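What follows is a single structure, written as structure tokens, with notes after it.
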Amino acid sequence: MTDHHFMSTRVPTKPVSNAVHAGYDGAAKRDDGIPLYGMDKELADKAAAKFDPKMEREAREWIEAVTGEALEGTLQEALKSGVVLCALVNALKPGVCKKPSTMKMAFQQMENIAKYLEACSALGVPKHDLFQTVSLYENQDMMAVVTNIHSLGRVSGKVPGYGGPTLGAKLADRSVRHFDEETLRKGRAEQTFLGKGSHGHASQAGTVDTSRNIGKMDKVRGIDGLGTDASVTAVGMGSHGHASQAGTVDTSRNIGKVDHVKGIGGLGTDASVTAVGMGSHGHASQAGTFDTSKNISKVDHVKGIDGLGGDGTTTAVGMGSHGHASQAGTFDTSKNIDRTTNIKGIDGLGTDGISQINLGSHGHATQEGMGKMHGTREIVHQTFGGAAAAA
């Protein structure tokens with residue numbers, strides 16, 4: 001028995017394209033029979049899409065009117081050699097273009113087209129209105145050729161000495177303006193349009209259009225003139241019509257809570273104390289606060305205190321049990337022992353202000369007699385006295 005090995009092989013496939021490839025017979029061709037493929041075909045299609053038959057007809061009629069000759073065939077066939085174009089610019093301004101070659105050779109005809117383009121620039125045709133030589137000779141972009149002829153027709157109105165027909169709108173005349181130094185200085189100082197904005201002001205003035213605003217306060221009463229003379233506006237006054245809180249609270253339905261309280265007539269209206277300040281006892285102070293009618297007299301049975309404390313004198317408590325406001329009579333001296341009875345030489349002492357203690361043992365209140373220096377003083381006196389006499 002033999003083993004069979006099966007191997008799968010992948011066959012490469014070619015990419016499938018939906019593009020239809022046309023041959024020579026099916027390809028688009030130019031007027032000269034050359035087929036168009038790829039980008040050439042796309043450019044030809046764009047040129048054909050923007051082609052304007054009306055502009056071509058107007059350009060053809062203007063060329064015939066200026067040169068005085070009828071063009072044969074299509075416009076591209078009539079202008080391909082460049083001879084007609086050179087005759088056109090020379091008709092506008094003689095000698096502006098060199099004499100064209102009448103030879104049928106391609107490079108000679110292309111040279112004629114180049115001479116025409118140089119003459120257009122000399123007459124004032126803008127550079128962007130010129131075309132490439134192959135655009136006409138190979139019929140690649142006839143719309144660019146037609147646009148150039150229309151531009152030349154507009155410029156023809158400005159060519160000095162030419163009075164023939166023109167093509168298209170008339171070109172505007174150049175207007176040169178001269179300003180003096182003062183005007184130029186004002187212009188440099190003027191706000192630019194970018195700075196002013198669409199409302200025409202350098203500030204925000206006029207930014208908001210209020211011409212169509214709705215008058216939201218037209219039907220509100222009592223606001224005539226408010227806010228124009230520095231008075232309070234309606235918003236500031238509020239619904240109660242005052243700039244303050246006056247009238248904010250409606251007191252017309254308040255209940256008089258003290259209507260039945262007696263003895264408060266006029267209180268609080270003339271700077272007097274109100275009923276609340278006076279209290280239930282009817283005084284602004286504490287007078288009458290305590291009821292003393294039932295107080296018990298605790299000193300009714302104390303003798304010798306009649307009138308005390310009523311006329312500024314010392315009360316019974318202040319005088320004490322000895323009946324004096326001072327300490328007089330505080331001590332009982334009736335039984336004191338006289339401790340200085342047997343001391344001699346103190347009669348009268350202490351009665352004139354000097355006590356025995358202050359006199360001391362020498363019997364003086366000063367230091368007089370404290371030392372026995374009588375002999376010494378005498379000797380010193382004699383010694384120094386004699387010396388003084390000798391001198």
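The first residue in the sequence is number 1, and the count goes up from there. None of these values were measured; they are calculated from a predicted model.
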Those residues at least two apart in sequence (or on a different chain) that pass side chain to side chain contact (heavy atoms under 4.5 Å, CB included) with Glu72 are none
Side chain to side chain donor-acceptor pair (under 3.5 Å) filter on Glu181, not counting sequence neighbours, yields Arg188
Is it the case that one hydrophobic cluster holds both Val83 and Tyr116, taking links as side-chain heavy atoms less than 4.5 Å apart, direct or via other members? no
Of all heavy-atom pairs between Val125 and Ser151, which one has the smallest distance, and what is that distance? CG1-OG, 3.5 Å
Residue set satisfying side chain to side chain donor-acceptor pair (under 3.5 Å) with Glu190, at least two apart, ordered chain then number -> Lys196
Validation row: Asp52, Glu58 side chains within 4.5 angstrom (heavy atoms): no
Test side-chain contact (heavy atoms from CB on, under 4.5 Å) on Ile149 and Arg60; report intermediate values, then the result. CA-CA 9 Å; Ile149 296 173; Arg60 186 186 187 100; over 6 Å; no
Sequence neighbours excluded, every pair satisfying salt bridge (Lys or Arg N to Asp or Glu O under 4.0 Å) that has a member inside residues 119-135: Asp129-Arg154
Would you tabulate the side-chain donor-acceptor contacts of residues 91-108 under 3.5 Å, counting partners in other chains and residues two or more places apart, or write 'none'?
{"from": "Ser101", "atom 1": "OG", "to": "Met103", "atom 2": "N", "distance (Å)": "3.3"}
{"from": "Ser101", "atom 1": "OG", "to": "Gln108", "atom 2": "OE1", "distance (Å)": "3.4"}

Sub-4.5 Å side-chain heavy-atom contact between Tyr162 and Val66: yes
Separation between CG (Asn148) and NE2 (His128), nearest 0.5 Å, reads 10.5 Å
For Phe51 and Met143, work out which heavy atoms get closest and say how close. CA-SD, 3.8 Å
Going by side chain to side chain contact (heavy atoms under 4.5 Å, CB included), name the residues that satisfy it together with Leu136, two or more places apart in sequence or in a different chain. Gln76, Leu79, Leu85, Ile113, Phe131, Met142, Val145
Drop me the distance from Leu75's CG to Arg57's CZ, to the nearest 0.5 angstrom. 12.5 Å
If I take atom NZ from residue Lys50 and atom OG1 from residue Thr147, how far apart are they, to the nearest 0.5 angstrom? 7.5 Å
Spatial distance of atom CD (Glu138) from atom NZ (Lys80) [nearest 0.5 Å]: 8.5 Å
Do the side chains of Glu182 and Lys186 get close enough for a salt bridge, i.e. N-O under 4.0 angstrom? yes
What one should report as the nearest heavy-atom pair of Glu77 and Thr74 is CG-OG1, 3.0 Å
Please give me the minimum heavy-atom distance between Cys120 and Leu130, naming the atom from each residue. CB-CD2, 4.0 Å
To the nearest 0.5 Å, what is the distance between CD1 on Ile63 and CG on Leu152? 8.5 Å
Heavy-atom pair of closest approach, residues Ala78 and Val84: O-CG2, 3.5 Å
Minimal heavy-atom distance between Glu64 and Leu71, with the atoms involved, is OE2-N, 3.1 Å
